[in-house]
K.L.:
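Below are the structure tokens for one structure; questions will follow.
The first residue of the sequence shown is numbered 1, and numbering continues consecutively from there.
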Amino acid sequence: ITKGGMENVDVFTCEAKGRGLKAVKEFWAGDVIFAERAYAAVVFDSLTHLVCHTCFKRHEKLQRCGQCKFAHYCDRTCQKDAWANHKNECSAIKRHGKAPNENIRLAARILWRIEKEGGGLTEGCLVSIDNLQNHVDHFGDEEKKEMRIDLESFLEFWPPDNKQFGMTYISHILGVINCNGFTLSDQRGLQAVGVGIFPNLCLVNHDCWPNCTVIFNNGKIELRALGKISVGEELTVSYVDFLNVSEDRKQQLKKQYYFDCTCEHCQKGIKDDLMMAVKEGNEKPSKEVVKDVIQFSKETLEKIDEARTEGIYHQVVKLCRECLDRQDPVLGDTNLYLLRILSIMSEVLSYLQLFDEAAGYSKRMVDGYMKLYHPNNAQLGMALMRAGVTQWHAGLIEAGHGMICKAYAILLVTHGSTHPITKDLEAMRVQSEMELRMFQENEFMYYKMREAALQNQTIQVMPEPAANEISPGIFQKK
């Protein structure tokens, strides 16, 4: 089997972590170490009629498969490209009367491909599907119960005359999906639209402060270097968002991926003190007061979730205000609970087009993020972009342009110059730079022109605070 684009990496095995990948040559920030197409992938249940089943791009008008009426495509080209993978699925959906959930559809696609090619190594893969971890042995009672339900659903969907795979093997595939399914995003990288299995990516181990990041671009995932990586160095990505104290990250990793994180940031609790920071100064709050405010914040975040789900955004703003009144005298500016409220507040106020007020909250949020995140973290880049646009809409052109430039520098590393969102950012950078020059030359004229422009044109509305936003974790858990 050829390495098929995987010549930059080697597989190694060590006692503590099992398998992993290391660099065969030196890399610098923004370098693509490898790109990989999905072994199999499906669109999420909730978006099957809104996203193309071949290229995962969102489209207003999709054409649906005339046979099963379930699969949707951009055009004839995408439909033709899909047929090899959709053919078996198409007849199974017709026989079954409806399409099953995304996990069952993904398992079936994997098994149809294995039926065709065998379960061994395929072109360009460093590991076979047979050899991926399934963690079925680690399942608790609840997970075992879910697995039994999935198995039953799978057998109802799978063609009854096809007896090639036994229960243990089907369970293995469902287990692999459970802990190795990678979330796919739409073309702009802003919304999670599907799930796929990428065998080579499964070999990359976790670190809370990693040296690589993964991005889905134009039908492939890319593993990109976040900084200098030396020959022989292990390649790592973060499976979870860094913005949690080390104890919480360790619990999440244990629950979701069944391992104990021993990375330096977890062992030394690096940045935990910042994430739990309280106000400094003469009047340092007592432990009791801090405990009360944290508890109040947790309860408020639950209420906010309910109000957001119901789309009552004015209620969200009211809850955030009450919470900030309690937090501001007590919590430090990098405290996680404060940052969570600031993030929600700025997002919702921007959606309601109250940009002047949103600008202050979004600035406080990114100031906090910049003290916590890795300087080339994709989440930080996206937050800076959103905050920059908010400042710009609020007429704070200098602050807005500065944030947009910082975001652009990060996304060049994490997404690359050809990614649609980086191109969007480049256009914003050019536009805001032009406006900034005009502002510096003649402030009065700048505000006059801005006023005229705003009266003539509706402002580009921020997307509705998303339910399906890309989660910062790398693999999606059901």
K.L.:
Can you list every ring pair (Phe, Tyr, Trp, His ring centres under 6.0 Å) pair that touches residues 12-34, not counting sequence neighbours?
P.N.:
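Residue pairs passing ring pair (Phe, Tyr, Trp, His ring centres under 6.0 Å), neighbours aside: none found.
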K.L.:
Under the side chain to side chain donor-acceptor pair (under 3.5 Å) test, which residues partner Glu152, sequence neighbours left out?
P.N.:
none
K.L.:
Identify, with sequence neighbours excluded, every residue that meets salt bridge (charged side-chain N to carboxylate O under 4.0 Å, His left out) alongside Lys318.
P.N.:
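Expected list: Glu322.
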K.L.:
Sequence neighbours left out, what passes side chain to side chain donor-acceptor pair (under 3.5 Å) with Asp305? Give chain and number order.
P.N.:
none
K.L.:
Pro199 and Cys125: which non-hydrogen atoms are nearest, and at how many Å?
P.N.:
CG-SG, 4.0 Å
K.L.:
Measure the shortest side-chain to side-chain distance between Glu143 and His138 over non-hydrogen atoms and say whether it is less than 4.5 angstrom.
P.N.:
no
K.L.:
Mind checking what makes side chain to side chain donor-acceptor pair (under 3.5 Å) contact with Lys250, not counting sequence neighbours?
P.N.:
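Per chain and number, Lys250 pairs via side chain to side chain donor-acceptor pair (under 3.5 Å) with no residue.
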K.L.:
Please evaluate residues His135 and Tyr257 with respect to the criterion ring pair (Phe, Tyr, Trp, His ring centres under 6.0 Å), reporting the C-alpha separation (whole Å), side-chain torsions for both, the decisive distance (0.1 Å), and the verdict.
P.N.:
CA-CA 8 Å; His135 292 295; Tyr257 304 104; 8.5 Å; no
K.L.:
Specify the closest pair of heavy atoms between Gly219 and Arg37, including all atoms of both residues, with the distance to one decimal.
P.N.:
O-NH1, 3.2 Å
K.L.:
Kindly write out the residues that satisfy salt bridge (charged side-chain N to carboxylate O under 4.0 Å, His left out) with Glu288, not counting sequence neighbours, or none if the list is empty.
P.N.:
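Glu288 satisfies salt bridge (charged side-chain N to carboxylate O under 4.0 Å, His left out) with no residue once adjacent residues are dropped.
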K.L.:
Donor-acceptor pairs are to be reported for all side-chain atoms of residues 327-340 against protein atoms at under 3.5 Å, with residues two or more places apart or in another chain.
P.N.:
from, atom 1, to, atom 2, distance (Å)
Gln327, NE2, Ser297, OG, 2.9
Gln327, NE2, Tyr337, O, 3.2
Asp328, OD1, Arg364, NH2, 2.7
Asp333, OD2, Lys371, NZ, 3.3
Thr334, OG1, Leu274, O, 2.6
Asn335, OD1, Tyr337, N, 2.9
Asn335, ND2, Ala277, O, 3.0
Arg340, NH2, Leu243, O, 3.0
Arg340, NH2, Asn244, OD1, 2.9

K.L.:
With sequence neighbours excluded, tell me which residues meet side chain to side chain contact (heavy atoms under 4.5 Å, CB included) with Arg113.
P.N.:
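Arg113 satisfies side chain to side chain contact (heavy atoms under 4.5 Å, CB included) with Tyr39, Glu117, Thr122 only.
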K.L.:
Restricting to side chain to side chain donor-acceptor pair (under 3.5 Å), what partner residues turn up for Glu433, sequence neighbours left out?
P.N.:
Arg437
K.L.:
Ignoring hydrogens and geometry beyond distance, is a side-chain donor-acceptor pair present between Asn205 and Thr236 at under 3.5 Å?
P.N.:
no
K.L.:
Would you mind writing out the side-chain donor-acceptor pairs for residues 410-418 within the sub-3.5 Å range, not counting sequence neighbours?
P.N.:
from, atom 1, to, atom 2, distance (Å)
Thr414, OG1, Ile410, O, 3.3

K.L.:
If the condition is salt bridge (charged side-chain N to carboxylate O under 4.0 Å, His left out), which residues does Arg321 pass it with, not counting sequence neighbours?
P.N.:
Glu357
K.L.:
Tell me, do Ser350 and His393 make a side-chain contact under 4.5 Å, heavy atoms counted?
P.N.:
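Heavy-atom side-chain distance check fails, nothing below 4.5 Å.
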K.L.:
Apply salt bridge (charged side-chain N to carboxylate O under 4.0 Å, His left out) to Asp424 and list each qualifying residue two or more places apart in sequence or on a separate chain.
P.N.:
Arg188
